[in-house]
Amino acid sequence: MRTVALTDDSISGIMSELLKRNPGSYTEYEQIVDDIIADVKVRGDDAVFEYTEKFDKWNINAANIRVSEEEIDEAYASYDGELIEVMKRSAANITAYHQKQVQNSWIETGDDGTILGQKITPIETAGVYVPGGKAVYPSSTLMCVIPAVVAGVRRIVMLTPADSAGKVAPSTLVAASITGVTEIYKVGGAQAIAAMAFGTGSIPKVDKIVGPGNIFVALAKKAVFGYVSIDSVAGPSEILVLADESADPKYVAADLLSQAEHDELASAILITDSSKLAEDVSTYVDEFVSRLERRDIISRSLDNYGYILVAESMDQAEEAANTIASEHVEIMTRDPFETMTRIRNAGAIFLGEYSSEPLGDYYAGPNHVLPTNGTAKFFSPLGVDAFIKKSSIISYSRAALMDACDAIMCFANAEGLTAHANSIGVRFDKGVM
């Protein structure tokens with residue numbers, strides 16, 4: 001990993017490089033995605049079947065597009081029993097965490113005859129996209145589905161690509177079954193996103209689409225936003241470790257590589273005020289990379305987006321961390337909880353040397369679908385809130401409205417909206433007669 005002195009210029013240059021990974025930067029793919037979406041919107045199933053045969057190389061039709069109960073049973077039979085139990089424990093942790101996010105409707109009455117409140121309603125239908133190409137992530141199935149279940153979504157549908165034999169990865173089916181989802185369709189890519197956005201003969205239209213995917217999936221989600229809601233347009237994975245001289249360099253190096261192995265566009269950054277730690281981490285990184293299976297991907301990731309930034313002080317290091325606003329932020333300082341109070345922008349924060357990022361990926365309970373590419377400055381992790389709607393409740397008695405009548409009419413007339421004023425005034429012989 002390259003070691004760089006932390007300055008205004010260096011952090012500006014790094015931010016420019018990191019932002020190049022944003023899915024919105026890949027304009028050369030946008031026309032391909034737009035054409036697929038337009039085709040699925042018009043031709044429905046026929047277009048979905050054609051693109052699936054073209055890209056996934058199997059003969060899909062209305063009879064075999066949906067995963068059967070027998071296929072789920074086969075997945076259980078072929079999958080490792082210990083891993084199934086691990087996924088069940090993970091699902092229990094994720095459920096328990098997200099149950100704490102549940103909001104309740106509320107109503108408040110005033111002595112003056114006013115009633116104000118908020119009604120919480122889950123969305124009707126949620127669509128979950130699960131990757132199934134180069135990588136299969138059953139953990140993402142749990143993370144995307146469980147918040148919807150906890151929120152009370154009535155219908156949850158899942159789309160995921162199948163292999164050339166028309167089979168979905170067993171781990172995906174087992175994870176889906178653990179969450180209770182059985183409506184699973186064997187479609188991937190941009191055509192899957194379009195199918196959920198507009199509906200086809202076989203696939204229902206949904207209200208919201210969540211879940212990670214490749215660049216075509218990300219661009220498709222961006223394109224259909226407005227027809228449906230989406231969680232986010234996710235970019236490549238990233239980790240930032242904020243550490244002082246008390247940190248164990250072996251742990252820091254291992255954690256940086258845990259994200260670099262995702263793909264060549266993943267980002268791994270250490271910010272520290274200790275030159276000694278920087279040197280030691282660099283040494284351990286080289287040692288680990290030489291022994292890890294995905295060393296080629298890790299090396300390319302580090303060559304492109306791996307940095308060790310040496311700051312003059314922890315104050316400068318913390319401010320740089322807030323500027324980068326990483327998806328995952330690990331804090332390895334003498335007092336990580338105290339340091340955390342100054343971190344404003346992060347998707348997920350991991351405190352202390354025994355809170356390695358993979359703990360959040362698989363087991364602890366908080367969601368691992370997180371804002372990337374600096375969007376942690378204004379976005380939050382996927383959670384129960386993503387699957388609910390909030391409706392305001394307003395009720396005034398005649399006496400309460402009479403007290404407010406003149407004020408409302410004054411405001412409406414000031415904006416030139418006399419019909420607004422009239423709808424209040426007419427109730428008290430002050431409107432248009």
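Below 30°, between 30° and 60°, or above 60°: for Phe198 and Tyr227 the angle between ring planes is above 60°, a perpendicular geometry.
Using a 4.0 Å cut-off between charged nitrogen and carboxylate oxygen, Lys276 and Glu279 do not count as a salt-bridge pair. With salt bridges taken as basic N to acidic carboxylate O contacts below 4.0 Å, one links Arg291 and Glu287.
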Given side chain to side chain donor-acceptor pair (under 3.5 Å), test Glu318 with Asn322 step by step and report yes or no.
CA-CA 6 Å; Glu318 291 161 2; Asn322 284 318; over 6 Å; no
Evaluation steps, side chain to side chain donor-acceptor pair (under 3.5 Å), between Asp244 and Ser246:
CA-CA 5 Å; Asp244 59 21; Ser246 69; 2.5 Å; yes
Kindly indicate, with the supporting measurements, whether the criterion salt bridge (charged side-chain N to carboxylate O under 4.0 Å, His left out) is fulfilled by Asp39 and Arg43.
CA-CA 6 Å; Asp39 197 13; Arg43 296 198 299 125; 2.8 Å; yes
Ser202 and Tyr185: side chain to side chain donor-acceptor pair (under 3.5 Å), yes or no, with the steps?
CA-CA 9 Å; Ser202 299; Tyr185 299 93; over 6 Å; no
Walk me through it: do Lys208 and Glu124 pass the test salt bridge (charged side-chain N to carboxylate O under 4.0 Å, His left out)?
CA-CA 9 Å; Lys208 184 160 191 167; Glu124 291 286 336; over 6 Å; no
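A distance of 6.0 Å separates CD1 of Ile84 from CE of Met87, quoted to the nearest 0.5 Å. Considering CD of Gln118 and OG of Ser391, their distance stands at 8.5 Å, rounded to 0.5 Å.
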Acceptor/donor pairs from residues 365-373 side chains to any protein atom, 3.5 angstrom cut, sequence neighbours excluded:
residue: Asn367; atom: OD1; partner: Val369; partner atom: N; Å: 2.9
residue: Asn367; atom: ND2; partner: His98; partner atom: NE2; Å: 3.3
residue: Asn367; atom: ND2; partner: Met143; partner atom: O; Å: 2.8
residue: His368; atom: ND1; partner: Asp361; partner atom: O; Å: 2.8
residue: His368; atom: NE2; partner: Ser140; partner atom: OG; Å: 3.0
residue: Thr372; atom: OG1; partner: Gly235; partner atom: N; Å: 2.8
residue: Asn373; atom: ND2; partner: Leu18; partner atom: O; Å: 3.0

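Partner of Leu242 under the side chain to side chain contact (heavy atoms under 4.5 Å, CB included) criterion, chosen from Glu330, Met332, Met314, Arg342: Met314.
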